[in-house]
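Following: one structure in structure tokens, then a few remarks.
Each ligand, and each atom within it, is numbered from 1 in the order the structure gives.
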Amino acid sequence: MTLSSAPGKVYLFGEHAVVYGEPAVPCAIERRARVEVQRRDDEKLRVHAEDLSLNGFTVEYDGTPGNGPDVDVSESLISAAMGYVDEAIAQVRDVTGEDDVGFDVTIESDIPLGAGLGSSAAVVVAAIDAAARELGVTLEPDDLAERAYQTEYQVQDGQASRADTFCSATGGAVRVEGDDCRSLEAPDLPIVIGFDGGAGDTGQLVAGVRDLREEYDFAADTVEAIGDIVRNGEQALADGDIAELGRLMDFNHGLLSALGVSSRSLDTMVWAARDAGAHGAKLTGAGGGGCIVALDPTPETETALSFTPGCEDTFRAELAEDGVKRLE
Ligand SMILES: Nc1ncnc2c1ncn2[C@@H]1O[C@H](COP(=O)(O)OP(=O)(O)O)[C@@H](O)[C@H]1O
Ligand SMILES: C[C@@](O)(CCOP(=O)(O)O)CC(=O)O
Ligand SMILES: [Mg+2]
């Protein structure tokens with residue numbers, strides 16, 4: 001049995017634009033996915049994921065004692081739920097050359113699904129690391145990040161950046177521009193998260209921005225302007241200038257909103273944080289629903305968010321210095 005964990009992340013700046021070659025700065029946070037892997041003696045994959053739920057299935061049951069229910073779940077629902085794990089295992093089969101190996105996989109996670117905190121990247125990084133080690137192969141951090149990126153790229157139909165997976169594999173604050181991925185020095189940031197209890201569909205949201213960018217030059221300019229914000233943000237991060245980081249995050253949120261990836265509840269939480277005196281606030285990740293990230297060293301933002309209708313949960317997030325952790 002082999003166990004690895006990997007952290008989720010928030011984007012300080014640059015989600016969506018990073019898909020088109022602009023830089024982005026995500027930052028790993030101490031909320032982790034843990035994946036336990038056990039080699040099987042057949043070729044099957046058995047996945048136990050406590051936090052994953054399926055919306056809609058058919059059960060056939062005739063009531064005869066001893067005749068259990070026959071549950072029928074559509075292929076598309078299963079592949080939407082299992083796509084990341086399936087592809088992560090395909091990457092491990094490829095890198096180890098063990099094409100026919102099977103695994104029992106158990107996933108446990110503190111990261112809400114589809115909420116912009118990078119649950120997919122954390123699950124994929126931890127799964128690849130644990131499954132490869134289960135076969136006696138310890139991947140170097142860069143190889144692990146690359147395999148995890150390939151997984152997201154496949155599952156998201158060729159629309160993925162290296163930002164989430166590199167950040168989850170290496171930890172800390174990182175800068176990603178195309179295939180140039182590096183770690184950044186970051187001050188201790190007073191990160192507050194607000195979660196609306198919902199989720200967004202990463203693939204659909206990315207496709208929406210792609211279409212806008214193709215249709216309107218000003219949408220393409222908006223994506224480039226996000227790149228400019230990121231470059232300014234890097235400087236503010238290097239200077240430890242939290243007030244400037246906040247201003248730039250506010251600006252970044254406005255441009256993401258213009259690109260159609262915010263939502264009423266995300267905007268409401270962003271404004272609640274700003275009204276409470278946060279240095280700045282923005283949605284994080286793909287958007288559509290899920291989480292915002294704000295910077296506030298005082299308890300005010302958390303208090304305000306806890307009273308904001310539509311905000312289901314709010315918590316502080318510590319920067320995760322470590323990326324993947326090899327636990328057993
Ligand atoms: N705890 C988990 N167990 C199993 N699969 C998970 C888990 N967390 C995330 N996933 C996978 O990741 C998908 C969500 O990823 P995504 O839409 O990119 O959102 P995000 O990365 O922002 O959380 C889920 O549909 C599921 O396939
Ligand atoms: C929208 C995007 O920039 C980030 C998606 O982040 P998340 O999966 O919502 O945590 C897509 C990507 O970079 O692959
Ligand atoms: Mg994701």
Side-chain angles (χ1 to χ4, degrees), residues 5-29 31-36 47-55 76-89 105-127 148-168 174 176-178 181 193 195 198-210 223 226-227 230 252 256 259-262 266 283-293:
S5 80
K9 56 97 237 282
V10 292
Y11 273 90
L12 293 179
F13 310 106
E15 55 273 87
H16 284 288
V18 69
V19 176
Y20 311 100
E22 299 296 337
V25 177
C27 182
I29 59 169
R31 286 230 155 188
R32 289 182 169 264
R34 288 165 293 280
V35 181
E36 188 185 290
V47 180
H48 182 77
E50 200 69 39
D51 312 300
L52 198 61
S53 55
L54 294 175
N55 295 322
S76 61
L77 217 54
I78 292 187
S79 67
M82 294 323 326
Y84 288 100
V85 178
D86 267 1
E87 186 56 37
I89 296 301
V105 180
T106 305
I107 305 169
E108 236 185 51
S109 172
D110 318 322
I111 311 165
L113 280 75
L117 298 184
S119 72
S120 60
V123 165
V124 164
V125 165
Y149 161 66
Q150 290 300 337
T151 303
E152 292 226 311
Y153 184 85
Q154 297 297 336
V155 179
Q156 293 167 206
D157 287 331
Q159 300 174 75
S161 74
R162 290 178 158 79
D164 285 28
T165 38
F166 181 73
C167 184
S168 185
V174 305
V176 172
E177 181 172 5
C181 303
I193 299 204
F195 175 38
D201 183 321
T202 304
Q204 250 174 40
L205 289 151
V206 171
V209 174
R210 182 199 57 208
V223 167
I226 292 178
V230 181
N252 196 161
L256 287 167
L259 292 171
V261 298
S262 191
L266 293 173
L283 69 84
T284 174
C291 293
I292 65 144
V293 53

- So the atoms of ligand 2 within less than 4.0 Å of a heavy atom of Gly285 turn out to be 6 (O), 9 (O)
- Note on the structure: Of all protein heavy atoms, the one nearest atom 9 (O) of ligand 2 is Ala286 N, 2.9 Å
- Message: Using a 3.5 Å distance criterion without hydrogens, assess whether the side chain of Glu15 forms a donor-acceptor pair with backbone atoms of Gly285.
- Response: yes
- Value rounded to 0.5 Å, distance of CG in Leu266 from CZ in Phe195: 10.5 Å
- Query: Can you tell me the protein heavy atom closest to atom 11 (C) of ligand 2 and the distance?
  - Reply: Val19 CG2, 3.9 Å
- Query: Has Ser119 got an N/O/S atom less than 2.8 Å from the Mg ion (ligand 3)?
  - Reply: no
- Query: Measuring from Cys291:SG to Ile193:CD1, what's the distance to the nearest 0.5 Å?
  - Reply: 6.0 Å
- Item | Per-atom contacts, ligand 2 versus Val18 - under 4.0 Å to a heavy atom | 3 (O), 13 (O)
- Task: Looking only at protein heavy atoms, identify the closest one to atom 14 (O) of ligand 2 and say how far it is in Å.
- Result: Ser161 N, 2.9 Å
- Query: Which residue supplies the protein heavy atom nearest to atom 10 (O) of ligand 2, what is that atom called, and how far is it?
  - Reply: Lys9 NZ, 2.8 Å
- Message: If only side-chain N and O atoms count, and only distance matters, is there a donor-acceptor pair under 3.5 Å linking Tyr11 with Asn252?
- Response: no
- Is the closest side-chain donor-acceptor distance between Glu152 and Ser120 under 3.5 Å? yes
Check: every ligand 1 N/O to protein N/O pair under 3.5 Å:
from, atom 1, to, atom 2, distance (Å)
ligand 1, 17 (O), Thr202, OG1, 3.1
ligand 1, 18 (O), Ser120, OG, 3.0
ligand 1, 18 (O), Thr202, OG1, 3.2
ligand 1, 19 (O), Gly114, N, 3.3
ligand 1, 21 (O), Ser119, N, 3.2
ligand 1, 21 (O), Ser120, N, 3.2
ligand 1, 21 (O), Ser120, OG, 3.0
ligand 1, 22 (O), Gly116, N, 3.0
ligand 1, 23 (O), Gly114, N, 2.8
ligand 1, 23 (O), Ser119, N, 3.0
ligand 1, 23 (O), Ser119, OG, 2.6
ligand 1, 27 (O), Ala81, O, 2.9

- Item | Step-by-step side-chain contact (heavy atoms from CB on, under 4.5 Å) determination, Val25 to Val174 | CA-CA 6 Å; Val25 177; Val174 305; over 6 Å; no
- Considering only non-hydrogen protein atoms, determine which one is nearest to atom 4 (C) of ligand 2 and report residue, atom name and distance to 0.1 Å. Tyr11 OH, 3.6 Å
- Using a strict cut-off of 4.0 Å, indicate which atoms of ligand 2 neighbour a heavy atom of Gly118. 10 (O)
- Query: Does any non-hydrogen side-chain atom of Ile107 lie less than 4.5 Å from one of Arg34?
  - Reply: no
- Would you check if the side chain of Asp110 reaches a backbone N or O of Arg32 as a donor-acceptor pair within less than 3.5 Å? yes
- Any Gly116 heavy atom less than 4.0 Å from ligand 2: yes
- Query: Of all the non-hydrogen atoms in the protein, which one sits nearest to atom 2 (C) of ligand 2, and at what distance?
  - Reply: His16 N, 4.0 Å
- Message: Can a donor-acceptor pair be found, under 3.5 Å and without considering hydrogens, that links the side chain of His16 to the backbone of Ala286?
- Response: yes
- Atoms in ligand 2 with a heavy atom of Glu15 nearer than 4.0 Å: 3 (O)
- Message: What I'd like to find out is whether the side chain of Arg210 reaches to under 4.5 Å of the side chain of Gln159, using heavy atoms alone.
- Response: yes
- Any chance you could lay out the side-chain contact (heavy atoms from CB on, under 4.5 Å) test for Leu256 and Ser262, step after step, and finish with the verdict? CA-CA 7 Å; Leu256 287 167; Ser262 191; 5.9 Å; no
- ligand 2 to Ala160 polar contact by distance, N or O atoms, under 3.5 Å: no
- Note on the structure: In terms of its nearest heavy atom to atom 8 (O) of ligand 2, the top option of Val209, Val176, Leu113, Asp164 is Asp164
- Task: Check ligand 2 against Thr202 and write out every atom of the ligand that is under 4.0 Å from a heavy-atom position of the residue.
- Result: 8 (O), 9 (O)
- Message: Using modelled atom types and a 3.5 Å cut-off, is there a donor and acceptor pairing between side-chain atoms of Asp51 and backbone atoms of Ser109?
- Response: yes
- Item | Nearest-0.5 Å distance that lies between atom CD1 in Ile226 and atom OH in Tyr20 | 10.5 Å
- Heavy atom under 4.0 Å from ligand 2: found in Gln156's side chain, backbone, both, or neither? side chain
- Any luck finding a side-chain donor-acceptor pair between Tyr84 and Gln156 under 3.5 Å? yes
